[in-house]
Amino acid sequence: MAVKLKGRDLLSVADLTQEEFWELLEFAKHLKLETLAGKRHEYLKGKTLAMIFQKPSTRTRVAFEVGMYQLGGYPLYLSSNDMQLRRGETIADTARVLSRFVDGIMARVFAHQDVVDLAKYSDVPVINGLSDEEHPTQILADFLTIWEKFGTLKGLKLAYVGDGNNVAHSLLLAAGLLGVNMSVGTPVGYEPKAWYVEKAMELARRHGTSIEVTNDPIKAVTGADVVYTDVWASMGQESEHDARVKLFQPYQVNPELMKHAAPHAVFMHCLPAHRGEEVVDEVADSLQSVIFDQAENRLHAHKAILALLMGD
Ligand code: CP
Ligand code: NVA
């Protein structure tokens with residue numbers, strides 16, 4: 001069991017070194033192969049995970065819940081609407097109290113500062129299950145999927161088209177860390193935040209790889225091994241949806257755009273997808289699409305995170 005990750009928080013991809021990211025990927029692959037072969041793992045026997053959700057979830061909730069069960073532990077689903085948080089109890093007090101009961105906390109929040117505060121006041125590992133800034137657990141599953149499909153990560157080109165959001169931020173950090181070239185294509189004004197782009201560029205320099213942000217979707221996708229998109233309006237941005245749909249249309253992943261990628265390119269989406277908006281059925285359901293392998297890998301990746309952060 002990795003000593004370095006034990007007891008740590010996972011709030012951002014930037015919390016991980018390249019070595020630690022690979023350790024998680026390799027452990028996820030190991031757990032996946034053994035689980036599919038019928039072996040059971042009890043790395044978290046008797047341990048509990050509190051899962052706080054301020055936003056809806058299908059994959060993240062189920063992957064963490066099933067993952068805890070498969071590792072011999074117990075997950076508690078806590079909707080923030082049903083907690084005293086809704087009535088004004090502070091994040092700090094919530095963290096202090098939960099730390100007395102459970103061995104780890106996973107939280108899906110609006111403000112990234114909420115996971116930072118949970119980690120600050122908690123005595124147990126805190127995992128970011130999506131914030132407005134990042135989605136690190138998703139990205140571990142994504143790079144596990146890319147690694148499985150290509151047998152390597154180094155030197156590949158990942159194109160992300162659409163909104164420069166939380167998923168784009170975490171993808172940028174991981175691409176820089178792992179030596180993957182990345183090109184982000186967004187409408188003007190919807191680029192990823194400068195901090196993530198600059199950090200990814202700084203990391204990429206060590207590998208001699210490139211990180212590019214453009215407003216040209218075709219340029220972003222040209223020659224890409226992986227074409228990735230996400231919803232145009234994230235959770236909490238529903239009121240902007242209609243205006244965005246018009247503006248983002250040139251960034252839709254359709255067969256025409258896919259033609260600019262490498263012939264062997266795969267299509268990825270963190271899901272849920274708004275079919276007919278950021279992606280059309282002809283791509284999402286094509287042979288190039290790996291979206292359901294990607295979703296399955298949430299389970300294996302999350303088990304690795306749980307076991308390495310919370311295991312003995
Ligand atoms: N990709 C993802 O995080 O999905 P959920 O919102 O269903 O958890
Ligand atoms: N960017 C999306 C990801 C959902 C998994 C959102 O934040 O809603």
Side-chain angles (χ1 to χ4, degrees), residues 10-13 28 49 51-68 75 77-81 105-115 127-146 158 160-174 184-187 190-193 196 226 228-242 244-245 247-248 251-253 267-275 277-279 284 289-306:
L10 178 56
L11 307 184
S12 162
V13 173
L49 176 75
M51 309 191 304
I52 303 172
F53 282 90
Q54 294 179 1
K55 297 172 173 171
S57 170
T58 297
R59 281 144 289 269
T60 307
R61 176 183 176 178
V62 176
F64 274 110
E65 201 159 325
V66 173
M68 276 303 286
Y77 172 78
L78 302 168
S79 161
S80 61
N81 275 334
I105 300 171
M106 193 283 297
R108 166 165 287 194
V109 300
F110 285 97
H112 186 76
Q113 189 61 38
D114 281 1
V115 283
I127 300 166
N128 176 4
L130 181 145
S131 67
D132 283 356
E133 290 284 307
E134 278 207 56
H135 199 359
T137 68
Q138 172 74 51
I139 267 55
L140 270 152
D142 295 345
F143 280 90
L144 174 61
T145 311
I146 299 170
L158 167 65
Y160 175 93
V161 278
D163 184 27
N165 61 15
N166 44 9
V167 170
H169 289 162
S170 294
L171 282 172
L172 275 167
L173 294 177
V184 181
T186 74
Y190 294 88
E191 295 88 356
K193 285 190 183 169
Y196 294 96
V226 178
Y228 196 124
T229 192
D230 184 16
V231 289
W232 291 338
S234 286
M235 289 181 274
Q237 298 173 331
E238 287 77 7
S239 64
E240 296 177 38
H241 173 265
D242 293 354
R244 285 182 177 224
V245 165
L247 188 67
F248 278 73
Y251 301 83
Q252 181 184 71
V253 182
F267 169 71
M268 297 182 74
H269 192 311
C270 57
L271 302 179
H274 285 182
R275 288 166 178 260
E277 293 185 10
E278 74 275 4
V279 64
S289 175
V290 298
I291 57 177
F292 299 114
D293 297 327
Q294 196 185 344
E296 177 194 330
N297 279 339
R298 299 294 298 282
L299 173 64
H300 309 298
H302 294 191
K303 283 170 71 180
I305 294 166
L306 291 166

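Values reported hereafter were calculated over all heavy atoms of this structure, with side chains retained and with hydrogens, waters and symmetry mates removed. Order of listing sets the numbers, starting from 1, for every ligand and every atom in it.
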Given R59, K55, R108, which one has a non-hydrogen atom that is nearest to atom 6 (O) of ligand 1?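 Residue with the shortest heavy-atom distance to the ligand atom: R108.
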Heavy-atom contacts with [X] under 4.0 Å: which atoms of ligand 2 show up? List them by number with element.
| X | answer |
| --- | --- |
| N165 | 1 (N) |
| L130 | 3 (C), 4 (C), 5 (C), 7 (O) |
| L271 | 5 (C) |

So for ligand 1, is [X] a polar contact partner (N or O within less than 3.5 Å, distance only)?
| X | result |
| --- | --- |
| S57 | yes |
| C270 | yes |
| L271 | yes |

Looking only at heavy atoms, what is the nearest atom pair of I291 and R275, with distance?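 Heavy atoms of I291 and R275 come nearest at CD1-NH2, 4.4 Å.
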Got an N/O contact under 3.5 Å between [X] and ligand 2?
| X | answer |
| --- | --- |
| H135 | no |
| M235 | yes |
| N166 | yes |
| S234 | yes |

At under 4.0 Å between heavy atoms, which part of H135 makes contact with ligand 1: side chain, backbone, both or neither?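 The part of H135 near ligand 1 is the side chain, not the backbone.
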If you measure from each non-hydrogen atom of L130 to ligand 1, which part falls under 4.0 Å: side chain, backbone, both or neither?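 Neither part.
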Return yes if a side-chain donor-acceptor contact under 3.5 Å exists between [X] and [Y], otherwise no.
| X | Y | answer |
| --- | --- | --- |
| T145 | Q294 | no |
| E278 | H274 | no |
| N165 | Y160 | yes |

For L173 and I139: C-alpha separation, side-chain torsions, deciding distance, then whether side chain to side chain contact (heavy atoms under 4.5 Å, CB included) applies. CA-CA 10 Å; L173 294 177; I139 267 55; over 6 Å; no
Is R298 close to T60 at the side-chain level, that is, under 4.5 Å between some pair of heavy atoms?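 Yes. Closest side-chain heavy atoms under 4.5 Å.
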Nearest-contact summary for [atom] - protein heavy atom, Å:
| atom | result |
| --- | --- |
| atom 2 (C) of ligand 1 | R298 NH1, 3.2 Å |
| atom 3 (C) of ligand 2 | D230 OD2, 3.6 Å |
| atom 7 (O) of ligand 1 | T58 N, 2.6 Å |

So, K193 and E133, do they make that salt bridge, N to O below 4.0 Å?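 Judged by the 4.0 Å cut-off on N to carboxylate O distance, K193 and E133 do form a salt bridge.
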Applying the side chain to side chain donor-acceptor pair (under 3.5 Å) criterion to S131, which one of H112, Q54, Q113, K55 satisfies it?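 Single side chain to side chain donor-acceptor pair (under 3.5 Å) partner of S131 among H112, Q54, Q113, K55: H112.
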Under 3.5 Å: donor-acceptor pair, side chain of E134, backbone of V13: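 At least one qualifying donor-acceptor pair exists.
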Are the aromatic ring centres of F248 and Y190 under 6.0 angstrom apart?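 Between Y190 and F248, which both carry aromatic rings, the centre distance is below 6.0 Å.
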